[in-house]
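Notes follow the structure.
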Amino acid sequence: MASIVVASSAFSSTLTTQFLVPSSSSSIFLRTLSPRSSPPLLRLSLASPPLRNLMACASLGLTRPSNTETPKVSFASKEVDVVQWKGDLLAIGVTEKDLAPNAEARFQNAILNALDSKLGGLLGQASSEEDFTGKPGQSVVLRIADGLGSKRVALLGLGASASSFVAFKSLGEAVATAAKSAQAGHVAVALASSDAFSVESKLNAASAIASGTVLGTFEDNRYRSESKKSALKSVDIIGLGAGPELEKKLKFAADVSSGIIFGRELVNSPANVLTPGVLAEEASKIAATYSDVFTAKILDAEQCKELKMGSYLGVAAASANPPHFIHLCYKPPTGPVKVKLALVGKGLTFDSGGYNIKTGPGCLIELMKFDMGGSAAVLGAAKALGQIKPLGVEVHFIVAACENMISGTGMRPGDILTASNGKTIEVNNTDAEGRLTLADALVYACNQGAEKIVDLATLTGACIIALGSSIAGVFTPSDDLAKEVFEASEASGEKLWRLPLEESYWESMKSGVADMVNTGSRPGSAITAALFLKQFVDEKVQWMHIDMAGPVWNEKQRCATGFGVATLVEWVLRNAS
């Protein structure tokens with residue numbers, strides 16, 4: 001559940017923004033929009049009844065996500081002396097340069113020097129003893145008996161310098177971690193050096209810190225029998241601006257964060273809970289919640305058959321859970337539409353590999369619930385955009401949701417499928433199923449009149465081998481579209497790397513009996529997968545494929561990342577008027 005309360009007063013420069021952060025045991029799967037209250041208080045609230053209301057058929061293992069009270073974290077901008085601030089934890093973002101000593105071997109930095117003086121040199125002593133140099137990920141936390149209004153002081157490393165969204169988002173995540181460790185309810189965060197920042201830079205830093213704190217506070221413990229409640233209630237952001245512009249930035253941070261958290265929870269949900277039907281219900285609830293800008297169309301197998309989606313239906317044929325083809329359409333609340341976009345997400349709620357079953361070390365079959373990560377990014381972006389409501393742009397959100405299972409009715413190696421554009425595909429590997437579902441989804445997106453299409457998919461292990469777990473691979477024949485999306489990813493902090501669409505590699509995708517096979521030779525297989533998708537996109541349409549198999553999952557934390565949501569939102573907004 002996510003909510004934002006923005007309160008402003010003509011008599012105060014203090015801005016308070018309240019986020020409702022999904023708790024470890026909350027569910028964000030159903031939402032209704034509460035009525036707006038009258039000024040001066042703008043309240044956007046999303047209520048979330050339990051997912052079990054949707055799961056009459058998804059009951060394997062008797063598992064239900066728990067639904068408890070959602071913790072609230074409020075953010076307020078303050079212009080106060082950090083030495084005078086009172087609360088549980090004062091967190092200071094520190095660069096390596098900030099730690100430079102003066103002639104008396106004390107801090108040159110004014111804020112650090114003032115804090116150190118109040119603490120009788122204890123801050124400098126602790127930094128030296130713990131070898132704190134301000135590098136990213138480093139921290140020093142002191143429990144204070146007296147001398148300050150705060151019970152604890154934390155120095156959090158920002159690296160050599162701090163100017164990017166990623167650096168300040170990481171600071172927010174570090175604040176959340178420190179608050180959890182200290183069980184702090186009231187926290188303040190400031191930068192040791194912010195005087196040189198422009199007004200816009202301060203606003204962006206505040207927004208990124210808020211985003212990082214919210215995402216860092218979130219824990220998805222819905223499937224645990226017991227969980228701790230978050231102690232964090234409020235965060236004061238000191239010295240980074242105030243007023244309507246900051247209010248706007250913090251609201252944007254709240255909207256995008258709610259979309260990311262929604263995406264994380266979708267991916268984290270196991271396949272015995274999140275079936276194709278439940279995923280379709282989730283999409284429908286987004287449209288119902290933001291019905292002023294969204295419409296939903298959910299196609300069943302018979303309707304997909306009428307549209308000749310043989311490629312998609314071939315994958316879905318083996319599962320007892322029927323396929324659901326999801327189409328949400330966003331139209332702006334006012335004004336003309338100047339550009340039509342489509343976001344297409346791979347929606348395999350579980351991938352067994354089919355008859356080419358996933359076996360052996362490294363096959364990751366136990367994690368194949370995340371094979372719908374592309375759809376989670378698309379629907380997370382839809383949720384965020386439903387709150388932001390950009391003008392001048394129409395967006396189609398498309399997911400061909402299904403499972404890839406094994407049964408007597410299932411697709412076999414050697415079968416030939418016919419896609420909705422008439423092209424035929426010889427299936428030489430049933431575990432290359434995602435591209436088969438995307439083929440019909442891309443044809444459908446083109447038929448909606450989309451001028452630009454971005455598809456996202458956990459498509460190939462080859463992309464993980466090439467780029468690791470932090471970077472998504474990008475394939476597009478359009479330099480203009482590449483420029484747009486890479487600028488969006490720069491703003492969002494999500495890492496992309498463009499890979500070549502080497503046409504000569506298509507030779508390995510030729511079939512002796514059909515138009516193509518669905519897998520080529522092993523070398524360059526992320527490229528041949530993208531070349532396969534290209535066969536189902538109109539040449540007049542600008543198209544990009546993002547292979548997010550690596551960054552969809554955080555192996556260290558063993559949970560979803562919400563990757564893709566922030567970049568998609570940024571890209572749509574940059575196309576809006």
Side-chain angles (χ1 to χ4, degrees), residues 263 267-268 270-271 311 315 344-377 400 402-406 411 413 425 427-439 441 454-476 494-502 505-506 508-509 516-534 544-564:
V267 176
N268 284 340
S311 186
V315 176
V344 178
K346 178 182 172 183
L348 269 291
T349 57
F350 187 75
D351 175 23
S352 69
Y355 278 105
N356 292 106
I357 190 169
K358 296 178 183 291
T359 59
C363 73
L364 302 180
I365 192 170
E366 73 281 4
L367 291 178
M368 281 301 110
K369 64 180 183 179
F370 76 36
D371 216 17
M372 42 65 65
S375 68
C402 66
E403 294 178 328
N404 184 27
M405 302 297 285
I406 302 172
M411 171 179 69
I425 307 155
V427 179
N428 60 357
N429 191 328
T430 61
D431 195 22
E433 83 302 326
R435 65 198 69 183
L436 297 174
T437 67
L438 288 170
V454 174
D455 80 68
L456 299 93
T458 49
L459 205 63
T460 68
C463 207
I464 303 176
I465 298 301
L467 299 177
S469 60
S470 300
I471 306 170
V474 170
F475 302 86
T476 179
E494 295 179 325
K495 296 179 181 180
L496 306 178
W497 192 265
R498 190 175 182 183
L499 295 169
L501 275 171
E502 179 54 53
Y505 287 11
W506 183 249
S508 70
M509 298 292 288
M516 66 194 82
V517 292
N518 69 324
T519 57
S521 58
R522 190 173 184 183
S525 53
I527 298 173
T528 54
L531 289 171
F532 178 90
L533 297 179
K534 186 171 178 282
M544 172 182 285
H545 163 59
I546 299 177
D547 191 331
M548 52 181 284
V552 69
W553 191 254
N554 185 320
E555 181 58 32
K556 183 178 180 180
Q557 297 179 0
R558 299 186 179 182
C559 62
T561 61
F563 184 90

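No hydrogens, no waters, no symmetry mates; every other heavy atom, side chains included, goes into these values.
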Within the 4.5 Å heavy-atom criterion, are [X] and [Y] side-chain neighbours or not?
{"X": "F370", "Y": "D351", "value": "no"}
{"X": "W506", "Y": "I527", "value": "no"}
{"X": "L459", "Y": "L438", "value": "yes"}
{"X": "L436", "Y": "M411", "value": "yes"}
{"X": "H545", "Y": "L501", "value": "no"}
{"X": "L367", "Y": "E555", "value": "yes"}
{"X": "I425", "Y": "F532", "value": "yes"}
{"X": "L499", "Y": "F475", "value": "yes"}

Can you see which heavy atom on [X] is nearest to which on [Y], and at what distance?
{"X": "T460", "Y": "A526", "answer": "OG1-CB, 3.5 Å"}
{"X": "G263", "Y": "A376", "answer": "O-CB, 3.6 Å"}
{"X": "I365", "Y": "S352", "answer": "CD1-O, 4.0 Å"}
{"X": "Y355", "Y": "P413", "answer": "CB-CD, 3.8 Å"}
{"X": "D431", "Y": "N356", "answer": "CB-O, 3.6 Å"}
{"X": "C402", "Y": "V315", "answer": "SG-CG1, 3.9 Å"}

Can you tell me how far the [atom1] atom of [X] sits from the [atom2] atom of [Y], to the nearest 0.5 Å?
{"X": "W553", "Y": "K369", "atom1": "CH2", "atom2": "NZ", "answer": "4.0 Å"}
{"X": "E494", "Y": "M548", "atom1": "CD", "atom2": "CE", "answer": "8.5 Å"}
{"X": "M368", "Y": "C363", "atom1": "CE", "atom2": "SG", "answer": "7.5 Å"}
{"X": "I471", "Y": "W497", "atom1": "CD1", "atom2": "CH2", "answer": "7.5 Å"}
{"X": "T528", "Y": "K534", "atom1": "OG1", "atom2": "NZ", "answer": "14.0 Å"}
{"X": "M544", "Y": "D455", "atom1": "CE", "atom2": "CG", "answer": "10.0 Å"}

- Item | E433 and K346 ion-paired at < 4.0 Å | yes
- Item | Name of the residue among V267, L348, D371, I464 meeting side-chain contact (heavy atoms from CB on, under 4.5 Å) with T458 | D371
Donor-acceptor under 3.5 Å ([X] side chain, [Y] main chain):
{"X": "N518", "Y": "N429", "value": "yes"}
{"X": "T430", "Y": "G353", "value": "yes"}
{"X": "R498", "Y": "T476", "value": "yes"}

- Query: Which residues satisfy the side-chain hydrogen bond (donor to acceptor under 3.5 Å, both in side chains) test with T519, sequence neighbours excluded?
  - Reply: N428
- Message: Using the rule given for side chain to side chain donor-acceptor pair (under 3.5 Å), can you reason through N554 versus T561, listing the C-alpha separation, both sets of side-chain angles and the distance that settles it, and then say yes or no?
- Response: CA-CA 6 Å; N554 185 320; T561 61; over 6 Å; no
